[in-house]
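The structure under discussion appears below in the form of structure tokens.
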Amino acid sequence: MTAMSNPSTAAGIAATNGSSANGHQLVEYRRIYVWELPVRAYHWINAIALVALCVTGYLIGSPVRSSYVPEAFQQYSFAWVRFIHFVAAFVYVFNFLARLYWGFVGKKYAKWTAFFPFKRSQQQEIVDVIKADVLEVKMHGPISTGHNALAGLIYFGTFLVFVFQTITGFALYSSMSTSWMPRMFVWVVPLMGGEFAVRFWHHLFLWFFVTFVIIHIYLAFYHDYIEGRGTVSSIIGGWKFDRVKKGDK
Ligand code: HEM
Ligand code: HEM
């Protein structure tokens, strides 16, 4: 596998240093605080809310038959499923709004500019990540301290889907609630061609999230293994490690 000979792996570093590839040679690393507490809190609240939304959403679309229970009060499970969906929906929306705010006041790694490849260097990084990680036609992929430019762009796409799910979710909710928040989205239903269409699109994007989460978790572990600088633990504790290069202060 090309990964093991990549200079960013322990074996690769050893090879570049000319020492043995047993992972015991000294390499200098700098510890960098990358993900501030609000970013980490957003990440895990979002992950929990999203899993709850996907599971309960799936059950709303394909209800589990529970009518064999002897007492009527025992048939209340579907109401719990919907209740959890709606609670998770509010948590998810306000958590997302908090993250948007942090995109303006947070450190450079959390800033909204990290999600748009405006700079030439970011565009080049996207090409390099695709060549190294996706097509595997290039040996040395770029190693970014925050999100790499391609990951940032994909998160931005995910944020757009977050917004879409919120709009369609509140549109569905608007016919069952008198509260001002869902009522703000009443107009979406006729615009999208009726409740059936809104429900269809709202359901379809469930599968976008399922796909995203599987690939995302795989990539988090992949980068952790390839780069060996604490990618997975960084989203828990906030710190990553950058290799000190010649000429660094
Ligand atoms: C990413 C997050 C979300 C996912 C994956 C998701 C998923 C789903 C799914 C699959 C359904 C069932 C659709 C069907 O086949 O009938 C559903 C229903 C629904 N969702 Fe969501 N949803 C999300 C976010 C939201 C949000 C933010 C709201 C806002 C309140 C919301 C409100 C609703 C409502 C009102 C229903 C219909 C419930 C019913 O008719 O009993 N959802 N959701
Ligand atoms: C439902 C599950 C998950 C969702 C929806 C999700 C979503 C996201 C999002 C949106 C970001 C960007 C964060 C930001 O800048 O605000 C992110 C970053 C990150 N996530 Fe997750 N995540 C999930 C689960 C996980 C898990 C289980 C892990 C680790 C095992 C993980 C590891 C990471 C890491 C390491 C980053 C930073 C990656 C980078 O450097 O680009 N995530 N995640």
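Just so you know, residue 1 is the first one in the sequence shown, and it goes up from there. These figures come from a predicted structure and were not determined experimentally. When a ligand or atom number is given, it counts from 1 through the structure's own listing order.
Within the 4.0 Å heavy-atom criterion, the part of F115 lying near ligand 2 is the side chain and not the backbone. Contacts between F209 and ligand 2, counted as non-hydrogen atom pairs separated by less than 4.0 Å, are absent for every part of the residue. With a 4.0 Å heavy-atom cut-off, ligand 1 is reached by the side chain of Y92 but not by its N, CA, C or O.
Listed by first then second residue, pairs satisfying side chain to side chain donor-acceptor pair (under 3.5 Å) with a partner in residues 193-205 read T168-H202, S175-E195, not counting sequence neighbours.
D242 pairs by the salt bridge (charged side-chain N to carboxylate O under 4.0 Å, His left out) definition with R229, not counting sequence neighbours.
Across the listed options W102, W44, Y155, Y155 owns the non-hydrogen atom lying nearest to atom 9 (C) of ligand 2.
Listed by number with element, the atoms of ligand 1 under 4.0 angstrom from any heavy atom of L50 are 1 (C). Distances below 4.0 Å separate heavy atoms of F221 from the following atoms of ligand 2: 30 (C).
Note on atom 21 (Fe) of ligand 2: protein N/O/S atoms under 2.8 Å are H43 NE2, H216 NE2. For atom 21 (Fe) of ligand 1, protein N, O or S atoms closer than 2.8 Å were enumerated as H85 NE2, H202 NE2, with waters left out.
What sits closest to atom 41 (O) of ligand 2 on the protein, heavy atoms only, is H147 ND1, 2.7 Å.
Summarising the geometry, atom NZ belonging to K107 is positioned 7.5 Å from atom OH belonging to Y33; distances are rounded to the nearest 0.5 Å.
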